[in-house]
Amino acid sequence: MRLFFGPQGWPLAMALVLGVVVSQKLPTRDEGLFQMQIRDKTLFHDSSVIPDGAEISGYLFRDTPKSRYYFVVEEDNTPLSVTVTPCDAPLEWTLTLQELPEEASGDGSGEPEPLEQQKQQQVTVDEGTELFSYKGNDVESYVAASSPSGLYQLELLSTEKDSNFKVYATTTPESDQPYPELPYDPRVDVTSLGRTTVTLAWKPTPTGILMGQPVQYCVVINKEHNFKSLCAAEAKISVDDVFMAAPKPGRDFSPFDFAHFGFVPSDNDFNKGRGPTSNKISRSFAVKPKASDIQKLCIGNKNIFTVSDLKPDTQHYFDVFAVNTATNTSTAYVGTFARTKEEARQKTLELKDGKVSDVFIKRKGSKFMRFAPVSSHQRVTLFVHACLDSVQVQVRRDGKLLLSQNVEGVRQFLLRGKPKAKYLIRMRGSRKGASTLKVLATTKPSNKQPFPSLPEDTRIKAFDKLRTCSSATVAWLGTQDRNKYCVYKKEVAENYGEEQRRREQNQCAGPETRRKSEKVLCKYFHSPNLQKAVTTETITGLEPGKTYLLDVYVVGHSGHSVKYQSKLVKTRKYC
C-alpha cells in the first residue's frame, strides 16, 4: 500500500492524486526505488509526496491556518497507523476520512474533467468523517486494524508558539515496527545518589535484544522538567538546528526566518522604513536556553549509567530514549527526577580564649572556627601560624567581614571588639597541598606574644668559603625581641632533593620532634638595630663528603616554636 501526503494548498495536489487513483490501478511499491527516494533529502524537503513507512518532519507557525497532510488507502480492510510527535510545543491534530468517488469521467483516457465536476469533487472531499483528534504534547497514535479505502486528511495546528513536529504513517504497522519497543517496566530508576553524581538504570528494550535491531540509548539531563520525546529535548538543546521548511518561491525572508537560522537582526536592518514590529516578529527573539542547562549523552547499548559533574543540592530531571540508529526513530522511557545531596557541612571548631588550636586543612579545602568571648572586650588579638603553604584567612564579626588576607608563616591581627560579638574565622587551604595551622584568639592584653617574632626573611645562609671537611658555617636573621634559637643537623642521602625537603618543611613541628643526637646548640639573640640583627654559627663534628640538613628553630616565651627554612650543606671531601 502507498500513502500520499500533501501540505497546505492541497486542491491542485489533490486533483493530481484523485486523477490517478480513480482512473487506473496503482502499481505496487518498488522497494529499491523507495529506499533511494527516502535517502534523497532533496526529493522530500517540503515535498507533496512521502512514501509509506517514512517518518517526516514539519514546522508550524503559531496560529497560522492548519497544515494539512493527505494520504490515500486503496483497498478496504487495510491496517493503518498514524503517529504524531510534538517536539517543543503542544499540538492540535485531527484525522478525518473522505470517501473516494467510485468512477471517474473519461474512463481513464486521460481526458480532463469539466471544471464544475472538479469543484463538486473538492466539496465532497472537504466533508469528511472525523476519526481521531488530540490536543497536547504527548506522542499520540491512531491505530486501526482494518481501515476503509479512501482519502485520509491530517490537520495540525500550533497555538502556543512556532514549533516543529514529526509524523509517521504506515499501512503495515505489524511488520514495520518503526519505533523501539519499551520493556514491560518502562521506568527509569535512580539506584545511587551523591552530591554530584546520580546512577540511573532501566530495563533494555526488546527491540535490540529479541529483534536484533541496532539500538542505542540517549540520556537527557536538565533542571526544568522531563521530556516526552527526543526531538523535544533536541529542540531545547539547539534552537538553531530545528527543522524549518524552505520558503516558497517568490516569498521574501522575514526577520523571523533570519532569527530562526541564528542571525540576530538589528533594528536598523528590519525596521527601517517599516511600521511597528508585529507580534510574530517580536516573540521570535526568545532567549535561547543555556547549553549548560541541558545535556544529551548517547551511551551505546548499556542500560546503567552514572551522570557526573552535577550541582549539589539541586533537582535534576533524567530522561532515557531508545534510538533505532538505522532509522533514527526513538521511544521515550518514563523519566525520573532526583535531588542531589547537599555539600557536607563543615564542622565549626570552637576556639577558647588564649588557647592555641591545631588545625589541619585538606588541599583546596576549608575549615571554620568560631570565637565567642564570654566577657565584654575592646579588642581581639588573632594569631595565625601557617606551618606549610600559605592560607587565606577571612574573619567576620556578627556576619560583617573584617579582614580577608593570605597568610604565610606567623601573622598577628588586631580586631576591634564589640559587646557580645561572635567571630567566624574561615581558613582556606592552598592548591599545592594540605595545610597545617596553629590558631590562637584572645581578648586578654599581654606583653608577651605566644608566638615568637620572625624576620621577613627566614632563610639560612651557608658560607661556601668557610666550608671544611668537618664543619660548615651558617647565618640567619633575628629580630629586636630576645628569642631563643636552637640549631639541629641531620645527615641525609646525597640524592636528597627539594621535594623531600618541602615535605619536611613543617614550621609547626618543633624541636621536641627531633632526636637528641641531632641537636647542635641553643642560644639567645636579638639586636635593637634590625640591620645588625644577624648571627652566625659554625657547626663542627661533621664527616667529609657528607650531605647534612640544617634547621634553626626560634622558640617563643610560651614554648611555641617556628622553624626557619631548612638548608642543605655538603662538607668537602678532601681538605
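Keep in mind it's a predicted model, so treat the numbers as computed, not measured.
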J.: On a heavy-atom basis, which atom in Pro180 and which in Ala322 lie closest, and how many Å separate them?
T.: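 Residues Pro180 and Ala322, closest heavy atoms: CG-O, 3.4 Å.
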J.: Measure the shortest side-chain to side-chain distance between Cys298 and Val323 over non-hydrogen atoms and say whether it is less than 4.5 angstrom.
T.: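 Cys298 does not reach Val323 side chain to side chain.
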J.: Between Arg62 and Thr159, which heavy-atom pair has the shortest distance, and what is it?
T.: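 What the structure gives for the nearest pair is NE-O, 3.6 Å.
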J.: Could you grab the distance from atom OG of Ser163 to atom CG of Asp88, nearest 0.5 Å is fine?
T.: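 One gets 4.0 Å once the value is rounded to the nearest 0.5 Å.
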J.: Dump the intermediate steps for side-chain contact (heavy atoms from CB on, under 4.5 Å) on Val219 and Tyr217, then the final yes or no.
T.: CA-CA 7 Å; Val219 181; Tyr217 299 101; 5.5 Å; no
J.: So, are Asp185 and Arg187 salt-bridged, with charged N and O less than 4.0 Å apart?
T.: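 Looking at Asp185 and Arg187, the cut-off is met.
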J.: Heavy atoms, side chains only, cut-off 4.5 Å: are Pro312 and Thr196 in contact?
T.: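 Counting from C-beta outward, Pro312 and Thr196 do come under 4.5 Å.
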J.: Mind checking the OG1-CD spacing from Thr340 to Gln315? Nearest 0.5 Å is all I need.
T.: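 Output value for this atom pair is 9.5 Å.
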J.: Out of the candidates Cys231, Ser330, Ser229, only one should pair with Lys166 under the side-chain contact (heavy atoms from CB on, under 4.5 Å) rule; please name it.
T.: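 When side-chain contact (heavy atoms from CB on, under 4.5 Å) is applied between Lys166 and each of Cys231, Ser330, Ser229, only Cys231 qualifies.
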J.: Could you go through Asp319 and Val188, starting from their C-alpha distance and side-chain angles, then the distance that decides it, and tell me whether this counts as side-chain contact (heavy atoms from CB on, under 4.5 Å)?
T.: CA-CA 8 Å; Asp319 291 291; Val188 178; over 6 Å; no
J.: Which heavy-atom pair separates Lys422 from Ala372 by the least distance, and what is that distance?
T.: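 Closest approach of Lys422 to Ala372: CG-CB, 4.1 Å.
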J.: Near Asp76 CG, under 6.0 Å, is it more than 12 heavy atoms from other residues, nucleotides or ligands?
T.: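 Buried by this count: over 12 neighbours within 6.0 Å.
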J.: So which heavy atom on Ser435 is nearest to which on Ser390, and how close?
T.: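 Closest pair (atom of Ser435, atom of Ser390, distance): OG-O, 4.4 Å.
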J.: Tell me, yes or no, whether the heavy-atom count around Asp398 atom CG, taken from other residues, nucleotides or ligands under 6.0 Å, exceeds 12.
T.: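 Yes, enclosed.
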J.: Is the shortest side-chain heavy-atom distance between Pro183 and Tyr333 below 4.5 Å?
T.: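 SC-SC contact between Pro183 and Tyr333 confirmed.
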J.: Kindly determine whether Gln216 and Asn301 satisfy side-chain contact (heavy atoms from CB on, under 4.5 Å), including the steps that lead there.
T.: CA-CA 5 Å; Gln216 73 166 343; Asn301 58 6; 5.7 Å; no
J.: Looking at Tyr59, is its backbone amide N or carbonyl O close enough to the side chain of Asn164 to form a donor-acceptor pair, meaning the two atoms are under 3.5 Å apart?
T.: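 Judged by distance alone, no pair lies under 3.5 Å.
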J.: Pick one: which of Arg195, Arg339, Lys341 meets side-chain contact (heavy atoms from CB on, under 4.5 Å) with Asp313?
T.: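 Looking at Arg195, Arg339, Lys341, the match for Asp313 under the side-chain contact (heavy atoms from CB on, under 4.5 Å) is Arg339.
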J.: Can you tell me if Asp293 uses its side chain to pair, donor with acceptor, with the backbone of Asn222 under 3.5 Å?
T.: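 Absent.
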J.: So, for Phe305 and Trp202, is the gap between ring centers shorter than 6.0 Å?
T.: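 Phe305 vs Trp202: aromatic centres not under 6.0 Å.
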J.: Would you check, one step at a time, whether the test side-chain contact (heavy atoms from CB on, under 4.5 Å) holds for Val190 with Thr199?
T.: CA-CA 6 Å; Val190 176; Thr199 300; over 6 Å; no
J.: If I take atom OG from residue Ser141 and atom CG from residue Leu95, how far apart are they, to the nearest 0.5 angstrom?
T.: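 Separation between the atoms: 11.5 Å.
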J.: About how many Å separate CD of Glu55 and CG of Asn328, when rounded to the nearest 0.5 Å?
T.: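 The distance works out to 8.0 Å.
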J.: Can you tell me how far apart CD1 (Ile304) and CG (Leu200) are? Round to the nearest 0.5 Å.
T.: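 Those atoms lie 10.5 Å apart.
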J.: For Glu155, is there any backbone N or O sitting under 3.5 Å from a side-chain donor or acceptor partner on Thr94?
T.: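 Absent.
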J.: For the backbone of Thr191 and the side chain of Asp189, can you confirm whether one donor and one acceptor N or O come within less than 3.5 Å of each other?
T.: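 Here the side-chain-to-backbone pair does not exist.
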J.: Do Pro79 and Thr172 have side chains that get closer than 4.5 Å, going by heavy atoms?
T.: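 Result no, sub-4.5 Å side-chain heavy-atom pair not found.
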J.: Looking at Phe132, Phe165, Tyr69, Tyr142, which hits ring-ring contact (aromatic ring centres under 6.0 Å, His included) with Trp93?
T.: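 Of Phe132, Phe165, Tyr69, Tyr142, ring-ring contact (aromatic ring centres under 6.0 Å, His included) with Trp93 is met by Phe132 alone.
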J.: Can you say whether the rings of Phe337 and Tyr317 are parallel (under 30°), tilted (30 to 60°) or perpendicular (over 60°)?
T.: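 Answer is tilted, since the angle falls between 30° and 60°.
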J.: Any chance you could measure Gln392, atom CD, to Gln405, atom CD, to the nearest 0.5 Å?
T.: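 With rounding to 0.5 Å, CD (Gln392) is 10.0 Å from CD (Gln405).
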J.: For Lys135, which residues count as a salt bridge (charged side-chain N to carboxylate O under 4.0 Å, His left out) partner, sequence neighbours excluded?
T.: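 Expected list: Glu92.
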J.: Heavy atoms only: give me the nearest Leu97-Ser149 pair and the separation to one decimal.
T.: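 Closest approach of Leu97 to Ser149, heavy atoms only: CD1-O, 4.2 Å.
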J.: Within the 4.5 Å heavy-atom criterion, are His316 and Thr314 side-chain neighbours or not?
T.: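 His316 reaches Thr314 side chain to side chain.
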J.: Answer whether the closest heavy-atom distance between the side chains of Asn324 and Pro214 falls below 4.5 Å.
T.: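 Asn324 reaches Pro214 side chain to side chain.
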J.: Is there a donor-acceptor contact under 3.5 Å from the side chain of Thr207 to the main chain of Glu181?
T.: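 Looks like yes, one N/O pair under 3.5 Å.
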J.: Ignoring hydrogens and geometry beyond distance, is a side-chain donor-acceptor pair present between Thr78 and Ser147 at under 3.5 Å?
T.: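 Absent: no donor and acceptor within the cut-off.
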J.: Just so I know, are the side chains of Leu349 and Lys367 near enough to count as touching, which here means a heavy-atom distance under 4.5 Å?
T.: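 Side chain of Leu349 against side chain of Lys367, heavy atoms only: no contact under 4.5 Å found.
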J.: Minimum heavy-atom separation for Met369 to Thr348, with atom names?
T.: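 Answer, listing the atom of Met369 first, then Thr348: C-CG2, 4.0 Å.
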J.: Would you say that Leu80 contacts Tyr152 through its side chain, given a criterion of any heavy-atom pair below 4.5 Å between the two side chains?
T.: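 Yes; the side chains approach each other to less than 4.5 Å.
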